[in-house]
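So the structure is just underneath, and the comments pick up after that.
A, B, ... follow the sequence lines: proteins, then strands. Residue 1 opens every chain.
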Number of protein chains: 2
Amino acid sequence: MAVITNEMDRSRCSVAGTLAVVGEKWSLLVLREAFLGVRRFADFQRNLEVSRAVLTDRLATFVEQGVLTRVPYHADGQRERHEYRLTTKGLDLYPTVVALMEWGDRYLGDGQGGPIALQHRDCGAPVRLALVCDDDHRLDGAYDVEATVRPRGTGRYRAIEKAPSSHTHR
Amino acid sequence: MAVITNEMDRSRCSVAGTLAVVGEKWSLLVLREAFLGVRRFADFQRNLEVSRAVLTDRLATFVEQGVLTRVPYHADGQRERHEYRLTTKGLDLYPTVVALMEWGDRYLGDGQGGPIALQHRDCGAPVRLALVCDDDHRLDGAYDVEATVRPRGTGRYRAIEKAPSSHTHR
DNA sequence: GGCTCTGAGTTCGTCAAGTGAACTCAGAGC
DNA sequence: GCTCTGAGTTCACTTGACGAACTCAGAGCC
């Protein structure tokens, strides 16, 4: 099983920490399948065509990290087996998977939208990710955002100095 | 340089395709730095502590994929060098990086919010990712979304059959 | 003109991670 | 007793990452 360490620089932001959990090969594809409803080892393996050894490792890592839980079940005329279900912590990775999907749909497909469409369960309208602020403005992208760094151990933020925030290289 | 192929299953959704571009080790951390304003080889290398060989490969892959452009510049008393700037295609990966950051802030940090805060440039309010639908509803998460598969080559969608969508395993 | 300094790589030996194929193991059914 | 199946584990091989050393081009200094 993959051991999650602090070796990556987490001091600047949490991206590296999250990648320590979901950044290995196949991890995010396993999650994609989980979000599509897949729960069983054999189904993950069939859909992804990943080697059993790696799948075993990725599932075990997710269980260890609290992203999936291992739940016993007993199917018709079969012995007891386990299935893997998303926890709340795992469900909260949904935006990450959607972000990857939206980018792929925009830049890698045929321009017709990707093979999977997401709809609001209540109203049926297409669903997308949006950058919003707490004053309820809808932002256009990275240029509308200013990043500030909070020094370790304090509750205060200061502006980034050496690294200009994204607007400076428009 | 990494060669991007179609070998990963793109038929089910675009996640695998996007991961073919940004899924290798260090790729998303290079992008994180780019979004913080880093442009030069030596700065990426210093901030990430990644080996030069890998950094060279990741930057070259991004340039080849149109995520970064290589722009010559001439600094004070230095010979001409190149810097790497985000293209529109690259800037559109911002939600992916923010999604990773938000999850890390929520589950890996001290609960005080992560080391980097994002604010709306216009109004200063905190910025976050949200799932929204075209009827302007704000969704809570994966359970509010229904995924439908569009068969290859058609413009129509049908409901997923074998793999139940996420609400079925609440 | 020779020497050094620096940014931006490239090369290389070593080690970790992923791959496909073969092997294991436990229970259900015949 | 024999076979079947899901879920792994083991193994030989290949690919990818690592750190250290080497290269290369131009600027500045003497």
Side-chain angles (χ1 to χ4, degrees), chain A residues 1-9 16 19-30 33-34 38-64 68-85 162, chain B residues 1-9 16 19-30 33-34 38-64 68-85 162:
Chain A
M1 152 159 7
V3 177
I4 310 292
T5 69
N6 271 350
E7 72 193 7
M8 284 183 160
D9 171 20
L19 286 174
V21 179
V22 303
E24 274 172 306
K25 218 169 177 178
W26 296 105
S27 296
L28 283 160
L29 294 175
V30 168
E33 291 302 312
V38 172
R39 293 172 169 188
R40 297 182 186 180
F41 188 93
D43 293 331
F44 283 110
Q45 219 256 309
R46 185 170 26 253
N47 293 343
L48 295 173
E49 292 177 354
V50 59
S51 80
R52 299 173 197 285
V54 170
L55 180 56
T56 301
D57 184 285
R58 290 312 105 91
L59 291 171
T61 300
F62 280 149
V63 169
E64 192 199 16
L68 299 176
T69 27
R70 204 158 180 264
V71 180
Y73 73 96
H74 209 109
D76 44 309
Q78 299 282 97
R79 67 179 164 134
E80 183 177 274
R81 302 189 186 283
H82 298 89
E83 60 183 19
Y84 300 87
R85 299 192 194 183
K162 297 296 274 198
Chain B
M1 152 162 6
V3 177
I4 310 292
T5 69
N6 270 350
E7 73 193 9
M8 285 182 161
D9 170 20
L19 286 173
V21 179
V22 303
E24 273 172 305
K25 216 169 177 177
W26 296 107
S27 295
L28 282 160
L29 294 175
V30 167
E33 291 302 311
V38 172
R39 293 173 170 189
R40 296 181 188 180
F41 188 94
D43 293 330
F44 283 110
Q45 220 256 310
R46 186 170 25 255
N47 292 343
L48 295 173
E49 292 177 354
V50 58
S51 80
R52 300 174 196 287
V54 170
L55 181 56
T56 302
D57 184 285
R58 292 311 105 92
L59 291 172
T61 300
F62 279 150
V63 169
E64 193 199 16
L68 300 176
T69 27
R70 205 158 181 266
V71 181
Y73 72 96
H74 209 108
D76 44 309
Q78 299 282 97
R79 70 180 163 130
E80 182 177 274
R81 301 191 188 283
H82 298 90
E83 61 182 18
Y84 300 87
R85 300 193 193 183
K162 297 295 273 199

Would you please name every residue forming a side chain to side chain donor-acceptor pair (under 3.5 Å) with [X], sequence neighbours left out?
X: Arg70(A); value: Tyr84(A)
X: Glu83(B); value: Arg39(B), Arg85(B)
X: Arg81(B); value: none

**Asked** With the sugar-phosphate defined as primed atoms, P, OP1 and OP2, and the base as all remaining atoms, what B/S/- string results for nucleotides 4-11 of chain D, 5' to 3', for protein heavy atoms under 4.0 Å?
**Response** -BBSBBB-

Can you tell me how far [atom2] of [N] sits from [atom1] of [X], to the nearest Å?
X: Asp57(B); N: dT10(C); atom1: CG; atom2: C1'; answer: 12 Å
X: Glu49(A); N: dT19(C); atom1: CD; atom2: C1'; answer: 13 Å
X: Lys25(B); N: dA16(C); atom1: NZ; atom2: P; answer: 11 Å
X: Gln45(B); N: dC18(D); atom1: CD; atom2: P; answer: 11 Å

**Message:** The criterion is salt bridge (Lys or Arg N to Asp or Glu O under 4.0 Å); which residues satisfy it with Arg46(A), sequence neighbours excluded?
**Reply:** Asp43(A)

**Message:** Quick check on dT19(C): is either OP1 or OP2 less than 4.0 Å from any side-chain nitrogen or oxygen of Trp26(A)?
**Reply:** yes

Distance-only, no hydrogens or angles: does the [X] side chain make a donor-acceptor pair with backbone N or O of [Y] under 3.5 Å?
X: Ser27(A); Y: Gly23(A); answer: no
X: Thr56(B); Y: Arg52(B); answer: yes
X: Gln45(B); Y: Val50(B); answer: yes

**Prompt:** Once Watson-Crick and G-U wobble pairs under 3.5 Å are found, how is DNA chain C written in dot-bracket notation, 5' to 3', with | for any base paired to another strand?
**Reply:** ||||||||||||||||||||||||||||||

**Message:** Test of understanding: with side chain to side chain contact (heavy atoms under 4.5 Å, CB included), list the residues that count as partners of Glu49(A), not counting sequence neighbours.
**Reply:** none

